[in-house]
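Because only heavy atoms are used, hydrogens play no part in the values below, and waters and symmetry mates are left out as well, while side chains stay in. Remember, it's 1-based here, ligands and their atoms both numbered in the order they're listed.
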Amino acid sequence: MQHDIHSKILGSGVAIPPKTLTNADLEKIVDTSDQWIRERTGMVVRHVVDENRQNSDLASEAALKALDDAKMTAEEIETIIVATVTGDVTFPSTACYVQSKIGAVNAAAFDVQAACSGFLFGLNIADSFITAGKSKNVLIIGCEVLTRIVDWQDRSTCVLFGDAAGAAIVGPSSGDGRGILGTFIKTDGRLTQLLWMPGGGTRYPADVALAENLNSIKMRGQEVFKHAVTAMGDAATHIMEITGLTADDVDLLIPHQANKRIIDATARRMKVSPDKVFVNVTKYGNTSAASIPVAFDEAMKSGALKTGDICVMVAFGGGFTWGSAAIRV
Ligand SMILES: CC(C)(COP(=O)(O)OP(=O)(O)OC[C@H]1O[C@@H](n2cnc3c(N)ncnc32)[C@H](O)[C@@H]1OP(=O)(O)O)[C@@H](O)C(=O)NCCC(=O)NCCS
């Protein structure tokens with residue numbers, strides 16, 4: 001197996017809001033049950049950001065931890081990519097606020113909007129920037145405050161989402177064979193209306209969005225489920241082809257944590273055994289762009305991933321978007 005190593009994850013960090021929302025709490029808000037949520041999604045708890053904290057606060061907290069982990073200063077960051085669909089404001093980008101909050105004065109900063117695949121879109125860009133010599137150290141943060149855009153009267157969506165941030169510093173590989181082995185991203189813009197938030201843009205001005213209840217996540221759950229399984233499979237197949245990896249080479253699969261049943265279907269399709277699949281959807285719910293970096297950080301810090309292991313990440317999300325990455329950590 002021969003790979004050109006271009007870039008590498010140098011450190012990671014997370015920010016998880018302390019406040020929790022359990023299935024039992026949700027039973028008091030909508031007509032649902034702990035049993036239904038567990039059986040259909042695998043979720044038990046999610047975290048909810050405090051009213052006085054914004055996306056960029058959470059993102060900055062995760063970023064500072066990732067810098068610490070990488071033993072780097074904010075001044076060494078040349079590019080900041082924030083992957084989110086729940087930014088502080090419509091513009092400027094949340095990455096600008098993060099830059100200011102962490103003091104990364106030498107960076108260019110921008111957001112990537114690819115829903116739950118956002119972190120892997122960011123990783124693809126970071127790898128490309130570093131490979132092309134356009135940037136040395138890139139900070140990528142997947143950060144979401146989804147509890148502020150769910151409709152708390154819609155039981156088919158409000159039980160699914162949580163808040164979190166996960167950050168990674170990506171820099172040039174030191175040539176020790178460790179680093180990003182390959183990345184893959186894809187979109188099908190014909191499926192935009194399966195999962196979206198209509199309000200908040202220019203199509204439905206604020207007064208219209210408010211009057212028509214468009215300022216929240218709208219989802220056609222069963223169709224999303226079907227496309228998710230296909231997209232995750234496609235992303236997995238492509239990354240194995242690009243890198244030449246086989247299922248036996250994979251030490252840990254980190255799938256986007258949207259639903260335990262989608263995770264299981266992806267693992268089966270990849271022929272990766274369940275003990276090699278990282279699952280934390282139970283305790284965070286779906287945190288969209290934060291899902292993969294939070295799982296990666298937990299896998300690194302818990303020892304589920306050890307130096308030299310091969311990790312494959314696979315995600316899908318609204319758009320439809322999907323993507324994957326393979327890394328020797
Ligand atoms: C949302 C999801 C869990 C629903 O599960 P499902 O098995 O498809 O359920 P359905 O939508 O067919 O609904 C089945 C029934 O459960 C009900 N239901 C929906 N949400 C419920 C809830 N929270 N509690 C109890 N019942 C619920 C429905 O109203 C429906 O009732 P009915 O048969 O009387 O009409 C599932 O479709 C899913 O996970 N989709 C993908 C979502 C996703 O991953 N989104 C993020 C992408 S990044």
| Applying the side-chain contact (heavy atoms from CB on, under 4.5 Å) test to V14, which of T287, V294, L58 qualifies? | V294
| Would you say atom 38 (C) of ligand 1 touches the protein, meaning some protein heavy atom is under 4.0 Å from it? | yes
| said: Run M43 and N286 through side-chain contact (heavy atoms from CB on, under 4.5 Å) and show every step you take. | reply: CA-CA 9 Å; M43 297 170 191; N286 182 350; 4.2 Å; yes
| request: Count the heavy atoms of every other residue, nucleotide or ligand shown that sit under 6.0 Å from NZ of K186, and state whether that count exceeds 12. | output: no
| Heavy-atom check, side chain of L245 versus side chain of I239, under 4.5 Å | no
| query | Do the side chains of F184 and E241 get nearer than 4.5 Å, heavy atoms only? | reply | no
| request: Tell me which protein heavy atom sits closest to atom 14 (C) of ligand 1, plus the residue, atom name and distance to 0.1 Å. | output: R40 NH1, 3.7 Å
| According to the interplanar angle, ranging from 0 to 90°, do the rings of Y284 and H47 count as parallel (below 30°), tilted (30 to 60°) or perpendicular (above 60°)? | tilted
| Applying a strict 4.0 Å limit to heavy atoms, is I37 in contact with ligand 1? | no
| task | Please indicate, with yes or no, if any protein heavy atom is found under 4.0 Å from atom 28 (C) of ligand 1? | result | yes
| query | Are there protein heavy-atom neighbours of atom 48 (S) of ligand 1 below 4.0 Å? | reply | yes
| query | G317 and S117: which non-hydrogen atoms are nearest, and at how many Å? | reply | N-OG, 3.4 Å
| query | Just wondering, do W322 and D188 contact through their side chains at under 4.5 Å, heavy atoms? | reply | yes
| note | the protein heavy atom lying closest to atom 24 (N) of ligand 1 turns out to be T32 OG1, 2.6 Å
| query | Is C116 close to E144 at the side-chain level, that is, under 4.5 Å between some pair of heavy atoms? | reply | no
| request: Would you mind checking which non-hydrogen protein atom is closest to atom 20 (N) of ligand 1, with the distance to 0.1 Å? | output: W36 CH2, 3.3 Å
| Where the closest heavy atom to atom 45 (N) of ligand 1 is concerned, which of M43, E39, Q35, M219 has it? | M219
| message | With a 4.5 Å cut-off on side-chain heavy-atom distances among I, L, V, M, F, W and Y, is there a chain of contacts connecting L67 to F129? | response | no
| request: Can you sort out which atoms of ligand 1 are near F316, meaning under 4.0 Å from one of its heavy atoms? | output: 44 (O), 47 (C), 48 (S)
| query | Which of the atoms in ligand 1, numbered in the order shown and given with their element, are less than 4.0 Å from a heavy-atom of V159? | reply | 23 (N)
| query | What is the nearest protein non-hydrogen atom to atom 41 (C) of ligand 1, stated with its residue, atom name and distance? | reply | G221 O, 3.6 Å
| request: Measure the distances from the heavy atoms of T157 to every atom of ligand 1 and state whether one is below 4.0 angstrom. | output: no
| request: Answer yes if V49 and V150 sit in the same cluster of Ile, Leu, Val, Met, Phe, Trp and Tyr residues linked by side chain heavy atoms under 4.5 Å apart, and no otherwise. | output: no
| By number and element, which atoms of ligand 1 are closer than 4.0 Å to a non-hydrogen atom of I262? | 44 (O)
| In the protein, which heavy atom is nearest to atom 3 (C) of ligand 1, and how far is it? | T41 CG2, 3.8 Å
| request: Pull out every atom of ligand 1 sitting under 4.0 Å from any heavy atom of C116, numbered as shown with elements. | output: 48 (S)
| message | Between K65 and D69, does any NZ, NE, NH1 or NH2 come within less than 4.0 Å of an OD or OE carboxylate oxygen? | response | no
| task | Starting from atom 46 (C) of ligand 1, locate the nearest protein heavy atom and write down its residue, its atom name and how far away it is, to 0.1 Å. | result | N286 ND2, 3.3 Å
| field | Minimum-distance protein heavy atom relative to atom 44 (O) of ligand 1 | value | A258 CB, 3.5 Å
| request: Might you check, step by step, whether the distance between atom 33 (O) of ligand 1 and some protein heavy atom is under 4.0 Å? | output: no
| task | Pick whichever of Q222, R155, Q257 has a heavy atom sitting closest to atom 31 (O) of ligand 1. | result | R155
| query | What's the shortest distance from atom 5 (O) of ligand 1 to any protein heavy atom, and which residue and atom give it? | reply | R261 NH2, 3.8 Å
